[in-house]
There are 2 protein chains.
Amino acid sequence: MDNTAAWAGLLRVHAALVPVLDQELQAAHGLPLTWYDVLLELNAAPERQLTMGELGAKAVVSRSRSSRVVDELTRAGLVERVANPADGRSAFARITTAGRARLRAAAPTYLAGIEAHFTSRMTAAEARTVATALEKVLKG
Amino acid sequence: MDNTAAWAGLLRVHAALVPVLDQELQAAHGLPLTWYDVLLELNAAPERQLTMGELGAKAVVSRSRSSRVVDELTRAGLVERVANPADGRSAFARITTAGRARLRAAAPTYLAGIEAHFTSRMTAAEARTVATALEKVLKG
DNA sequence: GCTAACTTAGTGCGTGCGCACACACTTTCT
DNA sequence: AGAAAGTGTGTGCGCACGCACTAAGTTAGC
């Protein structure tokens, strides 16, 4: 095993699992993975809201993509746009109660999928090491 | 740290690093990451050739996408299509000497990028654990 | 206070991607 | 041998995504 094995594994696991988890989530709750990710970030944020810039930085997708996802979520009633009183340029995306309910409903499916396809295939110690190692990569 | 941290880290590291490595590779050698991946698989295969089905299964991209990447690589002279004498439906994609040379030239850039952005941010032991854990995920 | 430089969000546009279909060939069954 | 089922490729099509540009608003400098 050479020193690129970790990176190669990451690429392949991502390619293999993302479509599976996305489809499971979409089949069970009509939520694409990007919607779930955005709702999750908004729900975790203070005041349950973020500007587009913050959202684009935290979420997996780009800022411009985030803007369009928020459009879709707004149409679905899961998110609402709120003017930022302190800065006329930016507007917050805030998760609605319907959005929180939808997120709570979908979470078990997603978590179960992660467990079934990912975490259960390794030991708990390995999972912790993977998490800390990848965390360090992001901090750099 | 909950038990989804490893998966969340994988998603974010993928989103953060793939564009960087792709652009480094493309700037230095005009090779998109998908080209590199396909060339790598072909080069490692017996007879340095694979059918589209095999390629789609091994590479990160889908079979249909592989077919088009092979088109592009053929136009660039890095791969050639070879008829399969044993099965008239399938055709092999075989890496050319020009393709091997291009791959060898690009490899140091890619490996250096992986080292700089990924492996160097963790200990050697962590890298090994990440590799074995992700390997097990793929086998399942 | 007025202007210039900067920041933030939205959008047109091109591109990469996989699904699903059609076609060609192979294998199996009678 | 002929028909039917199965398998491997290529391709039309639509979707998701990010870049680069524009408009609107804010901050800094004088």
Side-chain angles (χ1 to χ4, degrees), chain A residues 11-12 14-27 30-38 42 49-76 79-94, chain B residues 11-12 14-23 25-27 30-38 42 45 49-76 79-94:
Chain A
L11 283 181
R12 281 171 176 69
H14 182 275
L17 260 53
V18 167
V20 171
L21 291 171
D22 186 73
Q23 280 166 21
E24 285 181 359
L25 206 51
Q26 203 151 352
L31 281 181
L33 197 49
T34 42
W35 286 26
Y36 186 91
D37 187 41
V38 165
L42 291 179
Q49 64 183 14
L50 289 171
T51 68
M52 290 302 143
E54 294 167 338
L55 185 55
K58 293 199 180 195
V60 169
V61 295
S62 72
R63 188 194 57 78
S64 65
R65 183 68 196 144
S66 294
S67 180
R68 286 192 167 96
V69 171
V70 167
D71 276 350
E72 298 165 12
L73 288 167
T74 302
R75 266 193 295 278
V79 160
E80 56 184 354
R81 289 184 188 272
V82 179
N84 182 353
D87 190 332
R89 291 168 298 183
S90 84
F92 292 115
R94 177 186 297 166
Chain B
L11 284 181
R12 280 170 177 71
H14 182 275
L17 260 53
V18 166
V20 172
L21 291 171
D22 186 74
Q23 281 166 21
L25 206 51
Q26 203 151 351
L31 281 181
L33 197 49
T34 43
W35 285 28
Y36 186 92
D37 187 41
V38 165
L42 291 179
Q49 64 182 13
L50 289 170
T51 68
M52 289 303 143
E54 294 167 337
L55 185 55
K58 294 198 179 196
V60 170
V61 295
S62 72
R63 186 195 57 77
S64 65
R65 183 69 197 145
S66 295
S67 181
R68 287 191 167 99
V69 171
V70 167
D71 276 349
E72 299 166 10
L73 288 168
T74 301
R75 267 194 293 278
V79 160
E80 57 185 353
R81 288 184 188 272
V82 179
N84 182 354
D87 190 331
R89 290 168 300 183
S90 85
F92 291 114
R94 178 186 297 167

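Proteins get letters first, then strands, A, B, ... in listed order; numbering begins at 1 in each.
Of the possible donor and acceptor atoms, one in the side chain of B/E54 sits under 3.5 Å from a partner among the backbone N and O of B/T51.
In this structure the side chain of B/E72 reaches within 4.5 angstrom of the side chain of B/W35, judged on heavy atoms. Annotation: side chain of A/Q26 is not in contact with side chain of A/L31 (no heavy-atom distance under 4.5 Å). When side chains are defined from C-beta on, A/V70 does not count as touching A/S67, because their heavy atoms never get closer than 4.5 Å.
Taking atom CG of B/L55 as the reference point, atom C1' of C/dC17 lies 15 Å away to the nearest angstrom. Rounding to whole angstrom units, CH2 of residue A/W35 and C1' of D/dA16 are separated by 13 Å. Rounded to an integer number of Å, the gap from CG of B/L17 to P of D/dG18 is 15 Å. For the pair A/D22 CG and C/dC17 P, the computed distance is 17 Å after rounding to whole Å. Following rounding to the nearest Å, A/H14 (NE2) and C/dG16 (C1') show an atom-to-atom distance of 14 Å. Remark: P of C/dC25 and CG of B/N84 are 13 Å apart, rounded to the nearest angstrom. When the P atom of D/dC17 is taken as reference, atom CG of A/D71 falls 14 Å away, rounded to whole Å. Whole-Å rounding puts the B/L50 CG to D/dT9 P distance at 10 Å.
Judged by atom type and distance alone, B/S64 reaches the base of C/dC19 through a side-chain donor-acceptor pair under 3.5 Å. With hydrogens and angles ignored, a donor-acceptor pair closer than 3.5 Å exists between the side chain of A/R63 and the base of C/dG10. Judged by atom type and distance alone, B/R89 reaches the base of D/dT7 through a side-chain donor-acceptor pair under 3.5 Å. On a pure distance criterion of 3.5 Å, a polar donor-acceptor pair joins the side chain of A/R68 and the base of C/dG12.
Contacts of B/D87 with the nucleic acid, taken as non-hydrogen atoms under 4.0 Å apart, involve only primed sugar atoms and P, OP1 or OP2.
Comparing A/Q23 and A/R65, the nucleotide of DNA chain C nearest to each residue sits closer to the 5' end for A/R65. Mapping A/Q26 and B/P19 onto DNA chain D via the closest heavy atom, the residue that lands nearer the 5' end is A/Q26.
For the pair B/S62 and C/dC17, the criterion of a side-chain N or O lying under 4.0 Å from OP1 or OP2 is not met. Put simply, A/S90 has no side-chain N or O that comes within less than 4.0 Å of OP1 or OP2 on C/dT8.
When each of D/dT11, C/dC17, C/dA9 is scored by its nearest atom to the side-chain atoms of B/S67, the top-ranked nucleotide is D/dT11.
Taking a cutoff of 4.0 Å between a charged side-chain nitrogen and a carboxylate oxygen, A/R12 and B/D37 qualify as a salt bridge.
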